[in-house]
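All values below come from the heavy atoms of this structure, side chains included, with hydrogens, waters and symmetry mates left out. Everything numeric here is computed off the predicted structure, so don't read it as measured data. Quick note on labels: first sequence line is chain A, next is B, and so on, each numbered from 1.
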2 protein chains.
Amino acid sequence: MPGASLQEDLAQLFKVLGDHTRIRILNALYRSELCVCDLTSILGMNQSAVSHQLRVLRDAKIVRSKKQGKNVLYNLDDSHIFDLIRIGFEHVQEGE
Amino acid sequence: MPGASLQEDLAQLFKVLGDHTRIRILNALYRSELCVCDLTSILGMNQSAVSHQLRVLRDAKIVRSKKQGKNVLYNLDDSHIFDLIRIGFEHVQEGE
DNA sequence: TCATCATATGAACGATTCGTCATATGATAA
DNA sequence: TTATCATATGACGAATCGTTCATATGATGA
C-alpha cells in the first residue's frame with residue numbers, strides 16, 4: 001500500500017493533467033520543444049493564460065523549461081509523461 | 001494531431017483521476033475487486049461520498065461494476081487504468 | 001541609456017467540484 | 001408483505017480552479 005502522501009501526490013499529478021488547456025499544451029510538446037510564444041499562437045490564447053498554465057505544469061514537474069536568449073523553451077519532463085499521455089489516449093480512443 | 005474532442009476526453013479522464021478520494025478508491029481496487037461497503041470501511045468515509053465518487057469513476061469508464069446479490073462489486077475498467085496508476089506512481093516516487 | 005520583445009505574476013470574477021444530509025431504490029430474508 | 005441491508009441520488013454550501021486584465025521582470029538591440 002503506497003503511503004498516504006504518495007497517493008496525494010499522484011492525485012495532484014493527475015489533477016494537473018486534467019485540464020483541456022494543459023492537455024493541448026502537453027500534446028504540442030509531445031511532438032517538439034516549444035517556447036511560450038509558439039504555444040500561445042498554437043493554442044490561440046492569451047499569453048498570460050498560457051504562462052499561468054505552464055507554471056502549474058512546471059510546479060507539478062510535468063514539464064521542464066530552459067532559457068534560450070529572450071525565449072523560454074518547454075519540454076515534457078520525462079518518459080513517464082509521454083507514457084501517461086499515450087496510454088490515456090489509447091484508453092479514450094478505444095472507448096469510442 | 002489527435003482531434004479536439006479526443007483531447008477533451010483525455011483531459012476529462014485525467015480530471016477524474018485527479019482527486020485524492022478517487023485515487024484511494026482506485027488504489028484499493030488495484031489489488032482486488034471490492035463492494036461499496038468494503039470501500040466505505042477502507043476509506044473510513046461516508047457511504048454517500050463513496051457512492052458519489054464511484055458514479056464519477058463509472059461515468060468516466062475508469063471502473064466497472066457488477067451486481068452480486070445485495071452488493072455491487074467494483075473493478076478497474078481495463079489494463080490502461082492499471083498502467084496509468086502504476087506509471088503515475090513511478091513518476092511521483094522518482095520525484096522524491 | 002532607452003525602447004521593445006518575451007515571459008511571469010497578482011488580483012478578481014465566474015464556474016466547477018467534493019462532502020454532507022436526507023431520501024430513494026432495490027434486493028434479501030422472515 | 002414488512003423489515004432490513006446495500007447502494008444510489010438530489011440539493012446545498014464551502015472551497016478550489018481557469019481566465020482575464022493590468023503590471024512587473026528580464027533580456028536584446030539601437
Side-chain angles (χ1 to χ4, degrees), chain A residues 4 7-29 32-77, chain B residues 4 7-29 32-77:
Chain A
Q7 285 187 113
E8 188 57 76
D9 292 345
L10 181 58
Q12 181 58 27
L13 171 65
F14 284 133
K15 179 181 291 187
V16 174
L17 292 173
D19 173 78
H20 189 207
T21 297
R22 291 193 290 265
I23 283 293
R24 290 172 70 208
I25 291 174
L26 296 174
N27 215 43
L29 295 178
S32 67
E33 180 171 74
L34 295 168
C35 66
V36 180
C37 60
D38 290 334
L39 288 166
T40 300
S41 77
I42 289 171
L43 302 194
M45 286 182 69
N46 213 310
Q47 175 268 321
S48 174
V50 174
S51 270
H52 274 298
Q53 298 307 336
L54 285 169
R55 185 191 198 325
V56 173
L57 289 167
R58 243 188 301 119
D59 289 351
K61 307 218 173 142
I62 292 171
V63 302
R64 278 179 290 109
S65 66
K66 62 187 179 203
K67 277 219 172 94
Q68 186 175 73
K70 273 194 289 197
N71 296 338
V72 178
L73 299 179
Y74 281 86
N75 274 289
L76 300 190
D77 183 73
Chain B
Q7 286 187 112
E8 188 58 74
D9 292 346
L10 181 59
Q12 182 58 28
L13 171 66
F14 285 132
K15 179 180 290 187
V16 173
L17 292 173
D19 173 80
H20 189 207
T21 297
R22 290 192 291 263
I23 283 293
R24 291 172 69 208
I25 291 174
L26 296 174
N27 215 43
L29 295 178
S32 67
E33 181 170 73
L34 295 167
C35 66
V36 180
C37 60
D38 290 334
L39 288 166
T40 299
S41 77
I42 289 173
L43 301 193
M45 286 181 69
N46 213 311
Q47 175 268 320
S48 174
V50 175
S51 271
H52 274 299
Q53 297 308 335
L54 285 170
R55 185 191 198 324
V56 173
L57 289 166
R58 243 186 301 117
D59 288 350
K61 307 215 173 146
I62 292 171
V63 302
R64 277 178 291 110
S65 66
K66 64 186 179 203
K67 280 220 171 94
Q68 185 174 73
K70 269 195 289 197
N71 296 338
V72 177
L73 299 179
Y74 282 84
N75 274 290
L76 300 191
D77 183 74

For residues 65-72 of chain B, run the donor-acceptor check on the side chains, cut-off 3.5 Å, and write out each pair with its distance to 0.1 Å, sequence neighbours left out.
{"unit_1": "B/K66", "atom_1": "NZ", "unit_2": "B/E33", "atom_2": "OE2", "d": "3.0"}

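- Residue A/Y74 places no side-chain N or O under 4.0 Å from the OP1 or OP2 atom of C/dA6.
- Residue B/D19 contributes atom CG, which lies 10 Å from atom C1' of C/dG19 at whole-angstrom precision.
- Listed by residue number, B/H52, B/Q53 are the residues of residues 51-63 of chain B with a heavy-atom contact under 4.0 Å to DNA chain C.
- For A/N27 and B/Q7, the side-chain atoms include at least one donor-acceptor pair closer than 3.5 Å.
- Looking at A/R22, its side chain does come within 3.5 Å of a backbone N or O of A/V16 through a donor-acceptor pair.
- Distance CD (A/Q68) to C1' (C/dT7): 15 Å, rounded to an integer number of Å.
- The listed nucleotides are D/dA8, C/dC21, C/dT9; the one nearest the side chain of B/N46 is C/dC21.
- In this structure, the side chain of B/R64 does not engage the main chain of B/Y74 through any donor-acceptor pair within 3.5 Å.
- Rounding to the nearest 0.5 Å gives a distance of 9.0 Å between CD1 of B/I23 and CG of B/L57.
- Here C/dA29 presents its P atom at 7 Å from NZ of B/K70, a figure rounded to the nearest Å.
- No donor-acceptor contact under 3.5 Å links the side chain of A/S48 to the base of D/dT19.
- Atom pair A/H20:NE2 and D/dT19:P shows a separation of 10 Å (rounding to whole Å applied).
- In the set C/dA22, D/dT19, C/dG19, C/dG19 carries the atom at the smallest distance from any side-chain atom of B/T21.
- Distance CE (B/M45) to C1' (D/dA8): 15 Å, rounded to an integer number of Å.
- Comparing A/G69 and B/L73, the nucleotide of DNA chain D nearest to each residue sits closer to the 5' end for B/L73.
- Judged by closest nucleotide on DNA chain D, B/T40 is the one of A/G18 and B/T40 placed further toward the 5' end.
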Would you list the atom pairs, donor with acceptor, under 3.5 Å between side chains in residues 34-44 of chain B and any protein atom, with sequence neighbours excluded?
{"unit_1": "B/D38", "atom_1": "OD2", "unit_2": "B/C35", "atom_2": "N", "d": "3.3"}
{"unit_1": "B/T40", "atom_1": "OG1", "unit_2": "B/V36", "atom_2": "O", "d": "2.8"}
{"unit_1": "B/S41", "atom_1": "OG", "unit_2": "B/D38", "atom_2": "O", "d": "3.1"}

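- A/N71 places its CG atom 9 Å from the C1' atom of C/dC5, with the value rounded to the nearest Å.
- Straight-line distance from the CG atom of B/L39 to the P atom of D/dA6: 14 Å, rounded to whole Å.
- The two atoms that bring B/V63 and B/L54 nearest to each other are CG2-O, 4.3 Å, heavy atoms only.
- Each of D/dT9, D/dA8, C/dG19 was ranked by its minimum atom distance to the side chain of B/Q47; first place goes to D/dA8.
- For the pair B/L17 CG and C/dC18 C1', the computed distance is 16 Å after rounding to whole Å.
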